Amino acid sequence: MAIMLKLDDINVFYGAIHAIKGISLEVDQGEIVTLIGANGAGKSTTLRTVSGLLKPKTGTISFEDKTISGQPAHKIVEYGISQVPEGRRIFANMTVMENLELGAYIRTDKNGIKSDLERVFKHFPRLAERKKQEAGTLSGGEQQMLAMGRALMSSPRLLLLDEPSMGLAPLLIKEIFEIIKDINKAGTTILLVEQNANMALSIANRAYVLETGKITLSGDAKELSASEDVRKAYLGG
Amino acid sequence: MSSLRKTDLKAIVISLIVFAVLQGLISSEALDPFWQLNIIVICINIIMSVSLNLINGYTGQFSLGHAGFMAIGAYTGAVLSVNFHMPFIVGLITAFVTAAIIGCLIGLPTMRLSGDYLAIATLGLGEIIRIVIMNVNYVGGAAGFMGIPKSTNFAWAFFVMLFVVFFIKNYVNSSFGRACVAIRENEIAAEAMGVNTTKYKVLAFTVGAGFAGVAGCLFAHTFYIVHPSSFTFLSSFNYLIMVVMGGMGSITGSIAGAFILTTISALLSDWPELRMSIYAVVLIALMFYRPQGLFGNIEITSLPIFKRFKGGK
């Protein structure tokens, strides 16, 4: 399969703090790849570097054979990468519909937007019911759905998901992960950052384990979830 | 879309009626000169508050230097009229362009700041503009610039105001406005949606500054004299109060805020010490009972009662 996203020896700093220390990873077209690891391992930082919200000090990121590292975030959306930021960050005072419309901000193809809107409502029927509701009044799970739906509205080929399970009830987490699987089946490649390693490994094809800014393990998701080390460190025995 | 144009048309008709009534009152001298002047000041303040609302209310960038851009417009217009004998309209347009260019130059570095830092930076830059003007002898320095023709009459003030209000209304209802509101609501999410946040922030700041310049030009040609002390940060603050009072993100709110506060200060002009106290009490009460401002972020024209009254659907 074709390599879609490639990080090559990325180093990211927060001021003097060396947060990402030489990470290299690949995401193939059609895959779900997950980054797991403890708090502060650099998972979200890696994702934010891909989406352009952070700039790597050294190293290159390429997407579909084009170098995208160093480009501003709004340009990276145009390449076909869309991010669901950590903590959802929906536009609280706008309606659900307006949030989704903003997701398609960079697009001008009216028919494409319309069919993507239908696609989003098929994945998230609850958003269709609440079209005219103010987004800030949605429940946490619905807000997560809205953030994902909004990201899909730019018709991305690669979707970056940052902690989609954060603050959600176990049943809702299951539902969200089922939808992530569906979105992937419909043809969107997914890079998933998740604390809930069990859930993430259960839907992913491959996984990278991060520890204090470095990749310590990588491989097939099923093999990793069976491995003794990973079980002990991240899966609770 | 066509319903939007219909409301536009109705708003224009209503504005023309308001204009005709007020112009009638002025021509028949039913209004004394003090109130004739105040009606013009209300128009100027509406331009100031609506343009500041674009920056503070819609884009969420807390600017405290709006009077500085007004000063640029006022002095540009004054110099063109007095030293170059240009027609008034040329002064208005040049005032817009000059204030917009300086707004853009100031916006480019400051719009990368956020929250408190931006407020402090714009406050400082507004003062810098005033102090620079105060030290330029060509425009009269601290003594002020005198002998400006009194070109601003009610018709000029009213129709320029109407133009600015409609321009900004269309701006905020366009995709530009959508981008501005997205930035206000959540800048990181806006950036992640593909909105070039720096560009739209600087653009809103530039347009807002330009119209403050237009208001300044009208102001200069109302009072015969312009003086640096008219453009201190206290007056920037005054315009901010109008915006906050009317509701951040509501154009009709800004109009109401400018109208109410200008009228209050005109009514209380005989008791200047009382004026500021009443101002303060009104503001405290407002923050207690209606922190989102009189209109919040809603336009009065979008209320159902207004629509029924207009017979629209």
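Treat the numbers as computed from the prediction; the structure is a model and nothing was measured. Letters A, B, ... mirror the listed sequences (proteins, then strands); counts begin at 1.
- Top candidate by heavy-atom pairs under 4.5 Å with chain B, chosen from Pro85(A), Ala73(A), Ser51(A), is Ala73(A).
- Other residues, nucleotides and ligands contribute more than 12 heavy atoms inside 6.0 Å of the OH atom of Tyr105(A).
- Within a 6.0 Å radius of CZ in Arg290(B), other residues, nucleotides and ligands contribute more than 12 heavy atoms.
- Contacts classified as salt bridge (charged side-chain N to carboxylate O under 4.0 Å, His left out) and involving residues 94-110 of chain A (residues at least two apart or in different chains) are given here: Glu98(A)-Arg178(B), Glu101(A)-Arg178(B), Arg107(A)-Asp109(A), Arg107(A)-Asp116(A).
- Within the structure, salt bridge (charged side-chain N to carboxylate O under 4.0 Å, His left out) contacts touching residues 59-82 of chain A (residues at least two apart or in different chains) are Glu64(A)-Arg157(A).
- The two residues Arg150(A) and Ala189(B) come nearest to each other via the heavy atoms NH2-CB, 3.8 Å.
- The environment of NZ in Lys55(A) is crowded: more than 12 heavy-atom neighbours from other residues, nucleotides or ligands sit within 6.0 Å.
- Here CZ of Arg89(A) is found 12.5 Å from CD of Glu185(B). Values are rounded to the nearest 0.5 Å.
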Show your reasoning for whether side chain to side chain contact (heavy atoms under 4.5 Å, CB included) applies to Val181(B) and Met94(A).
-> CA-CA 9 Å; Val181(B) 175; Met94(A) 294 185 187; 3.2 Å; yes
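- Considering every non-hydrogen atom in both Phe91(A) and Ala190(B), the closest pair reads CZ-N, 3.8 Å.
- Annotation: Phe259(B), atom CZ; neighbour count of heavy atoms from other residues, nucleotides and ligands within 6.0 Å does not exceed 12.
- The side-chain contact (heavy atoms from CB on, under 4.5 Å) test applied to Lys131(A) returns Met97(A), Phe121(A), not counting sequence neighbours.
- With a 4.5 Å cut-off on non-hydrogen atoms, Leu53(A) touches chain B through its side chain but not through its backbone.
- Side-chain contact between Ile188(B) and Gln83(A) is absent, with no heavy-atom pair separated by less than 4.5 Å.
- Residue contact with chain B, scored on non-hydrogen atoms closer than 4.5 Å, involves the backbone of Ile90(A) exclusively.
- For chain B, the option among Ile81(A), Ile76(A), Asn93(A), Val84(A) with the highest count of heavy-atom pairs below 4.5 Å is Asn93(A).
- Within 6.0 Å of atom CZ in Phe63(A), more than 12 heavy atoms from other residues, nucleotides or ligands are found, so the atom counts as buried in its surroundings.
- The local environment of OH in Tyr289(B) is sparse, with at most 12 non-hydrogen atoms from other residues, nucleotides or ligands closer than 6.0 Å.
- Within residues 195-212 of chain B, the residues having any heavy atom under 4.5 Å from a heavy atom of chain A are, by residue number, Val195(B), Asn196(B), Tyr200(B).
- Rounding to the nearest 0.5 Å gives a distance of 10.0 Å between CG of Leu102(A) and OG of Ser175(B).
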